[in-house]
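Taking it in order: structure first as structure tokens, then the write-up.
It should be emphasised that the depicted structure is a prediction, and the values quoted were computed from it without experimental measurement. Chain naming here is simple, since letters A, B, ... match the order of the sequence lines and numbering starts at 1 in each.
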There are 2 protein chains.
Amino acid sequence: MTLKELAGLLGLSPTTVSRALGGYPEVSEETRRAVREAAAAHGYRPNRRAAALASGRAMAIGHVITTSETDELVNPVFADFLAGAGEVYAAAGYDMLMSVVPEDREDAAYAQMISARSVDGVILHGPRPGDPRVGLLQEAGLPFVVHGRAPETGSHDFVDVANTRAFRTATDHLLDLGHSRIALVNGPEAFDFASRRRRGWTEALEARHLAADLVRDGPMSEGNGYAFARQMLRDGATAFAVASHLMALGVRRAVQEAGLTLGDDVSVVMFDDELSYLRNDGDPPPFTAIRSSVRAAGRRCAEVLLARVAGPDGALIGEVWDCDLVLGASSGPSRNSSRRKTSA
Amino acid sequence: MTLKELAGLLGLSPTTVSRALGGYPEVSEETRRAVREAAAAHGYRPNRRAAALASGRAMAIGHVITTSETDELVNPVFADFLAGAGEVYAAAGYDMLMSVVPEDREDAAYAQMISARSVDGVILHGPRPGDPRVGLLQEAGLPFVVHGRAPETGSHDFVDVANTRAFRTATDHLLDLGHSRIALVNGPEAFDFASRRRRGWTEALEARHLAADLVRDGPMSEGNGYAFARQMLRDGATAFAVASHLMALGVRRAVQEAGLTLGDDVSVVMFDDELSYLRNDGDPPPFTAIRSSVRAAGRRCAEVLLARVAGPDGALIGEVWDCDLVLGASSGPSRNSSRRKTSA
DNA sequence: CTCCTTGTCCGAAACGCTTTGGATGGGCGA
DNA sequence: TCGCCCATCCAAAGCGTTTCGGACAAGGAG
């Protein structure tokens with residue numbers, strides 16, 4: 001069933017039918033109703049490919065996700081991010097076009113999306129310093145929003161979480177509990193977000209004239225959480241600021257294996273991406289956490305992008321989202337502090 | 001830069017240029033080379049929207065993924081599955097169109113994809129008994145492949161893992177180690193794969209005239225793994241067959257909290273979806289596991305679907321993939337068996 | 001030398017929609 | 001009554017490809 005056929009059935013021109021369905025004003029309400037009914041009755045749905053070609057709008061947003069053998073970090077975040085963005089697209093009638101490529105062909109994937117004109121806009125994940133993709137997109141004039149931040153952010157829209165402040169808060173919380181040997185179990189510091197987290201942790205420690213020396217970073221796996229914590233416990237750590245839920249599970253294992261009790265002998269605060277499959281619920285939740293919703297970030301990125309697609313000349317949007325500290329069972333007053341404070 | 005412009009530049013007709021680029025035989029090698037060079041020089045890329053409209057092929061495959069608040073199972077599997085499928089699409093020049101919708105609008109999303117003709121084929125996840133989506137797709141004549149199995153499989157292509165056999169193998173392994181109180185920590189049994197896993201576990205136990213009574217099922221979270229195992233340890237379980245890595249982490253925590261040693265006092269075999277961010281490596285790996293690659297499943301589904309898109313009338317493909325048992329540190333000879341065997 | 005292939009290439013018609021630029025007729029003010 | 005405006009509708013021209021049906025010359029068979 002095509003638009004032309006439907007028009008024939010109704011004794012109208014394709015023009016009028018198209019306008020009636022598209023919500024344009026130059027159609028009488030009566031006609032519009034008749035058209036809508038006929039369309040529903042015959043199960044007519046506009047062919048998006050044709051509409052895209054004629055209108056110049058693809059009604060689709062592109063996402064490039066990379067599959068890397070070594071980097072265990074990206075995947076889990078993507079699922080929830082895409083879920084959030086997808087909700088927004090669906091509500092606005094947009095499709096989501098994904099390009100899944102190995103890391104080394106990422107830039108080519110963006111180039112392809114741009115020149116094939118198969119999307120109206122793009123979301124760019126995890127920008128690197130001096131990212132070539134940004135240049136590509138700006139040259140092509142294709143709207144885009146960056147999820148995360150590169151050092152030179154300023155020429156484009158972006159949405160990010162306040163990583164520095166989050167880890168400042170987490171570390172301050174542990175300091176307030178009386179801890180002084182606070183370790184940082186971090187994600188790979190080549191990533192912007194990880195370096196910001198380290199900065200927050202460092203700031204908090206230095207503000208109290210403590211050394212920021214207990215730190216390890218690497219792919220955010222349970223195994224790394226375990227391995228890092230195990231070593232750091234030997235080095236005298238009594239508290240941990242941890243970059244992800246998965247790593248926190250590893251830290252907990254190390255703590256338990258050492259015969260210590262979480263929230264009593266050792267405190268842990270983790271950054272919680274609130275991945276839906278790794279939820280950290282309960283009352284109190286098992287882990288004290290800095291909560292950030294990747295899903296909400298996905299939603300917000302999509303909203304900003306769609307606004308940019310609708311009106312490319314609006315003011316630049318750069319949002320940095322704060323996160324809340326949610327107290328859980330994994331953090332408590334330092335043992336050392338109560339003992340030593342009296343003796344010191 | 002359009003095809004027509006490029007043709008003008010070369011002094012050729014659009015027809016010839018299109019054919020030269022498309023690899024059709026009725027173009028001389030000399031012309032073809034000239035066209036290719038000019039296209040590269042001017043950075044020409046065909047407009048996919050126009051090509052799709054003219055050729056009737058969208059060069060895109062649709063995936064519907066659901067975002068459910070309660071179901072914690074689907075998400076993590078999707079990420080890796082999509083990565084696998086995406087590789088295949090990219091290699092074949094196909095795009096991946098995703099529709100992310102709440103569970104209750106899933107069927108509508110399929111209907112939309114079908115009637116908007118924006119894709120050449122669809123992958124259908126986790127079919128339910130008497131799934132309406134199957135009917136929709138068959139009526140519309142849109143090629144599709146099912147990932148997983150519904151009870152009435154037989155009228156369409158599908159790719160699945162041998163869940164029953166996997167858990168039969170896992171349970172047999174534990175039995176061979178001398179365990180007799182073997183618990184099953186399962187995913188929600190409303191899902192086909194979970195009910196098949198239970199069947200495998202049951203078969204193994206009944207073959208040795210043991211009661212298949214130690215079983216709990218629910219969303220595959222770490223918390224559930226912990227809660228289930230904690231209870232089952234009290235009920236006398238000395239070994240566990242576990243439905244996912246995440247649940248296995250929970251089981252391990254329960255075991256450690258009970259002051260027991262994994263692989264010594266208690267044995268665990270888990271089903272490992274090999275999600276890239278939850279990798280289970282090491283030598284020996286920490287967990288004995290039945291290994292199945294979701295990524296490979298994604299790849300295979302995509303291959304089968306593309307074949308079906310190319311030739312809709314080929315023989316039906318139904319593949320059930322076997323999984324290997326990979327020995328790790330979490331399983332070992334039963335203590336009870338060595339003690340009791342001599343006394344019994 | 002004619003006729004039929006074969007190898008290359010071209011013109012023009014789709015594909016199904018959007019959109020521009022009228023056309024038509026009724027209602028209004030003067 | 002005339003002229004103008006507005007509401008409503010339509011015809012036709014694209015959008016950038018693919019593809020069907022030739023056209024034309026060169027070469028081989030008869």
So, does the side chain of R49(B) form a donor-acceptor pair with the base of dT18(C) at under 3.5 Å? no

Heavy atoms under 4.0 Å, any strand shown: does R32(A) hit a base, just sugar-phosphate, or nothing? nothing

Given atom CD of E29(A) and atom P of dC9(D), what is their separation to the nearest angstrom? 11 Å

Separation of dA13(D) C1' from K4(A) NZ (nearest whole Å): 13 Å

Phosphate oxygens OP1/OP2 of dT18(C): is one of them under 4.0 Å from a side-chain N or O of S18(A)? yes

Of dC17(C), dT18(D), dG21(C), the nucleotide closest to the side chain of R19(A) is dG21(C)

Both S13(A) and L53(B) contact DNA chain D. Taking the nearest nucleotide for each, which residue is further toward the 5' end? S13(A)

Hey, which sits more toward the 5' end of DNA chain C by its nearest nucleotide, P46(A) or V27(B)? V27(B)

Exactly one of Y110(A), F144(A), Y89(A), Y94(A) should register a ring pair (Phe, Tyr, Trp, His ring centres under 6.0 Å) with H63(A). Which one does? Y89(A)

Toward the 5' end of DNA chain C, which comes first, T15(A) or S28(B), by nearest nucleotide? S28(B)

Using atom CG of L3(B) as one end and atom C1' of dC15(D) as the other, report the distance to the nearest whole Å. 13 Å

For this output row, return yes or no: ring centroids of F193(A) and H147(A) closer than 6.0 angstrom. no

Atom OH of Y24(B) and atom P of dT18(D): how far apart are they, to the nearest Å? 7 Å

Here the pair of heavy atoms bringing A58(A) nearest to A52(A) is CA-CB, 4.0 Å

Categorize R48(B) for me: base, sugar-phosphate, or nothing, with a 4.0 angstrom heavy-atom threshold over every strand shown. nothing

For the side chain of A54(B), starting at C-beta, report the closest nucleotide among dC9(C), dT19(D), dC15(C). dC15(C)

Between C1' of dC10(D) and CG of L12(A), the distance in whole Å: 10 Å

Can you tell me the distance, in whole Å, between the CD atom of E30(B) and the C1' atom of dC9(C)? 13 Å

Strictly below 4.0 Å, N to O, side chains only: are R57(B) and D120(B) in salt-bridge contact? no

Figure out the CD/P separation between E26(A) and dT18(C), and round it to whole Å. 13 Å

Check Y44(B) against M1(B) and note the closest heavy-atom contact, atom names and distance. CD1-O, 3.4 Å

Rounding to an integer number of Å, can you tell me how far E5(B) CD sits from dG14(D) C1'? 15 Å

